Each structure stands twice: as C-alpha cells, then as structure tokens.
There are 2 protein chains.
Amino acid sequence: MKANLILQTAVSHFAKEGYAGASLSKIAEEVGIKKPSIYAHYKGKDDLFISALHYSLDTQKAQIASYFYSMKNEPLEPLLFGYFEWFAKESQDNERMKFILRAAYFPPLKLEKEVGNLFNPFFDNMHLHLTRLLRERHRHEKVLYSDDFSDMALAYLTVTEGTMTELVYTGVERYNKRLHAVWPIFWRGLTK
Amino acid sequence: MKANLILQTAVSHFAKEGYAGASLSKIAEEVGIKKPSIYAHYKGKDDLFISALHYSLDTQKAQIASYFYSMKNEPLEPLLFGYFEWFAKESQDNERMKFILRAAYFPPLKLEKEVGNLFNPFFDNMHLHLTRLLRERHRHEKVLYSDDFSDMALAYLTVTEGTMTELVYTGVERYNKRLHAVWPIFWRGLTK
DNA sequence: ATCTACCTTCCTAACGGTCGTTAGGAAATA
DNA sequence: TATTTCCTAACGACCGTTAGGAAGGTAGAT
C-alpha cells in the first residue's frame with residue numbers, strides 16, 4: 001500500500017524537520033513518486049500530518065498496552081521501572097516517538113486544536129489506566145505509601161516525560177544516567 | 001536599540017513558529033521595518049537564530065542565579081520547591097522559555113551543532129551548581145537520604161523538565177497539578 | 001468474451017505565493 | 001567624510017496546490 005508508505009515517510013520527515021520544515025517534494029522523492037501523487041492519497045499537507053499523528057498515536061498506544069500486558073504478573077517495581085528500559089529499546093531509531101513529542105509540544109499553530117483533540121484522550125487514557133493499575137496492585141502488594149493513586153500516576157508520568165525528553169534530545173546514554181539517578185529516589189518516595 | 005528589538009521579536013516568533021516556520025518578513029513587520037533592514041543588524045536568519053538563543057540563555061541563566069541567590073538563607077525544601085513556583089510565575093507569557101525548550105529539543109538540523117555548543121555548557125553548569133548546593137546544604141541541614149549529590153541534582157533536573165514541558169504545552173493549571181502530585185513523592189524520596 | 005464506464009493512481013506542467021538573500025542607493029548619524 | 005541604518009526592487013529557489021491527462025484495474029452490461 002503506497003498510502004501507508006507515504007504515511008511512514010511523513011512521520012520520519014515531520015519528526016526531523018517539523019511541520020513547516022518538512023517538504024512534500026522530499027517525502028515524495030523518498031517514497032519514489034512525484035509530489036502531486038501524494039494528493040491521490042491525502043487531501044494535502046494538513047491531512048497528511050493529522051493522519052500521521054493519528055497513526056502514530058494508535059501504534060504507540062497498542063505497543064504500550066502490550067508491554068503492560070506482558071508484565072502483568074510481575075511485581076510493581078520491575079513493572080514500572082521496566083517500562084523505562086522497554087521504552088528506550090523501542091525508541092531507538094524510532095522516529096515515531098520523536099514525531100509524537102514534537103507534535104505534542106510544538107504543534108503547527110493552525111492545527112493546534114485538532115492536535116489537542118488527538119492528544120488529550122491519549123494522555124487521559126494513560127493516566128486512567130495507570131491509576132487503576134496502582135490501585136489494583138496496592139490491594140495485593142500494599143507497598144505504596146500514599147493512597148492517592150491518581151497523584152502517584154501523574155507523578156510517574158511526569159518522571160517518564162522528564163526522562164523521555166532527554167532520550168529524544170541527547171540519546172540513550174544520558175537517558176540511562178538520568179533514569180538511574182531519578183528512579184531510586186522516586187521509588188523510595190512512592191513506597192513505604 | 002533596534003537590533004535588540006529585532007532580537008526579542010525573533011525570540012517570540014521562533015518560539016511560536018519554530019525556525020522553519022518563522023518568517024523574516026513578519027518579524028520585520030512587527031518591529032516596524034522592512035525585511036532587508038534586518039540584514040543591517042544580522043548576517044541572516046541563522047545568525048539571528050543563534051543570537052536569539054545566546055541572548056535567551058544568558059538572560060535565563062542570570063534569572064535563575066538571582067532566584068537561588070535571593071533564597072540562599074531559606075531551608076532546602078522551600079528553596080527547591082519554590083523554584084517551581086517562581087518558574088511558573090516567570091514563565092507566564094514568557095516566550096523566551098518556550099523558545100529555549102524548542103531550540104533544545106528540536107533545533108534546526110543545520111544548526112544542530114552550534115545549538116548544542118550553547119546548550120551543553122548551560123545544562124552542565126546548572127547540574128554543577130545544583131550538586132554543589134546540595135552538598136553545601138547537607139553539611140548543615142543533614143536532611144538528605146543519599147550522599148550522591150550529583151545523582152540527586154540530576155534527578156531534580158529531570159523533575160523540573162518533566163513539569164516544565166507540561167507548563168509550556170498545556171499551561172499553568174496542569175503544571176500545578178503535576179507539581180503538587182510529584183513534589184511530595186520526590187521530596188520524600190530525597191530525604192531521611 | 002467483449003465492450004463500456006468508472007475509479008484509482010500516477011504523471012507533467014504550471015499556478016500564485018512566500019521564502020531568504022543581495023544590489024544599490026537614500027537618509028541619517030558621527 | 002565615513003559609517004550605519006533603512007529603503008525599493010528584484011533575484012532564484014522552493015513551497016503547497018491544481019489542472020488535465022495517461023495508464024491500469026475493476027465492475028456491470030451487453
């Protein structure tokens with residue numbers, strides 16, 4: 001399917017160059033078609049961008065869900081910490097993540113609203129599931145210090161984003177340094 | 001000084017539109033001059049971008065230093081926590097911070113090297129001063145759990161960035177929610 | 001089985017527009 | 001007089017987009 005190839009190439013270009021910096025000519029060139037042929041599959045640059053974001057978020061969501069499912073029988077600490085390591089492995093040479101971060105933090109102004117409409121449910125969904133996970137686990141493991149599971153989930157997400165930005169910006173070595181600096185402190189603060 | 005007015009306008013435009021999205025015509029228009037007049041002050045778009053970044057980092061550095069100096073007689077906890085609140089107040093309608101973040105995470109590819117040369121000393125400097133601060137304070141207050149001050153400083157910076165990105169992206173309300181979710185946990189993990 | 005109509009996909013050519021940049025000169029400042 | 005600052009005019013390059021048509025496949029009717 002050419003449409004999908006265009007989409008994936010677009011993700012890579014938008015990740016590296018941003019919305020304004022990416023060029024349809026170059027995307028088409030990498031796909032192996034001419035620029036106007038893109039219009040057989042997408043209405044225009046905006047449509048391509050939104051489609052790429054939609055696709056990226058769906059894929060990301062599925063991957064995260066599959067990680068948490070695969071770890072569902074592990075204790076809480078390796079489950080939460082392992083997510084960081086899994087994430088680093090998944091995200092290497094993975095431009096989808098970079099695209100997602102870039103679109104989240106610095107969306108093209110004219111698409112701000114539509115981008116927000118895609119992101120807000122995504123984050124709310126993550127927060128909700130994480131809150132539920134913590135509540136569920138606490139019932140059996142009873143290791144958590146507080147019982148405000150929503151706040152703990154939000155704190156966890158904050159740490160993931162603080163390290164993720166480092167991963168995207170400077171690479172995996174400094175990401176790991178940060179991770180091993182912050183995790184023992186955070187986990188100590190989280191548990192009894 | 002017209003050069004400085006151009007610089008500040010450029011910061012605002014680069015923050016909102018990014019390097020590729022910002023246009024010299026629009027910057028000139030907002031300043032009240034014509035586009036080619038910019039070339040009387042800067043060699044071109046690249047020079048303007050780098051100058052704007054240099055200026056932004058210098059200003060930011062001075063402001064941060066002045067906060068920590070003004071709080072030098074406070075205990076460690078209000079000093080570290082207050083930085084978040086001070087930061088939110090400073091950063092409202094402050095496009096400098098947005099520009100700095102954007103330039104740090106998603107620099108224009110062709111200026112990646114020069115941008116890195118400006119950022120790396122900035123972050124290293126922050127990390128160094130924070131490490132020293134923690135070591136110094138621990139000698140008198142003895143509240144810290146660990147004695148790896150470098151790792152604690154890095155962890156603190158990670159939390160600041162995790163919340164800062166939220167501040168830039170969604171605004172001050174959700175920033176405060178995150179802050180009040182993560183800080184008690186983090187501080188508990190940091191201290192005896 | 002063949003013809004017809006239609007739709008998808010891709011092309012070349014070209015559109016109007018904006019981009020960053022330069023040339024060259026006028027006005028102001030020192 | 002020399003230099004800085006600003007202007008108008010224009011450059012070539014690239015942008016996203018559209019027009020119009022060729023090639024190919026598909027579906028239904030004859």
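All chains are named by letter (A, B, ...) in the order of the sequence lines, taking the proteins before the strands, and each is independently numbered beginning at 1. As the structure is a prediction and not an experimental result, all values here were calculated from the model.
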_d(NZ, Lys34(A); C1', dC14(D)) in whole Å_ = 16 Å
*State the OG1-CZ distance between Thr158(B) and Phe186(A), to the nearest 0.5 angstrom.*
12.0 Å
*Give a yes/no answer on whether the side chain of Ser37(A) brings an N or O atom under 4.0 Å of OP1 or OP2 in dT9(C).*
no
*Would you please name every residue forming a ring pair (Phe, Tyr, Trp, His ring centres under 6.0 Å) with Tyr145(A), sequence neighbours left out?*
none
*When the distance from CD of Glu29(B) to P of dC7(D) is rounded to whole Å, what number comes out?*
12 Å
*asked:* Does the protein touch nucleotides 20-30 of chain C at the base, only the backbone, or not at all? Give it as B, S and - per nucleotide, heavy atoms under 4.0 Å.
replied: BBB--------
*Just how far, in rounded Å, is P of dC19(C) from CD1 of Ile38(B)?*
11 Å
*CG of Leu133(B) to CG of Leu79(B): how many Å apart, nearest 0.5 Å?*
5.5 Å
_Any pair counted as salt bridge (Lys or Arg N to Asp or Glu O under 4.0 Å), so long as it reaches residues 25-39 of chain B, sequence neighbours left out_ = none
*In sequence, state the C-alpha distance, the side-chain angles, and the governing distance for Tyr83(B) and Phe68(B), and then conclude on ring pair (Phe, Tyr, Trp, His ring centres under 6.0 Å).*
CA-CA 8 Å; Tyr83(B) 177 61; Phe68(B) 278 96; 5.3 Å; yes
*asked:* So, does Lys2(A) get its side chain near the phosphate of dT9(C), meaning an N or O under 4.0 Å from OP1 or OP2?
replied: no
*Length of the OH-P vector between Tyr42(B) and dC6(D), whole Å*: 11 Å
_Carboxylate-amine/guanidinium contact Arg137(B) Glu141(B), below 4.0 Å_ = yes
*Nearest whole angstrom, please: distance from the P of dC14(D) to the CD1 of Ile27(A).*
16 Å
_Nearest-Å distance for atom pair NE2/P, residues His41(B) and dT3(D)_ = 18 Å
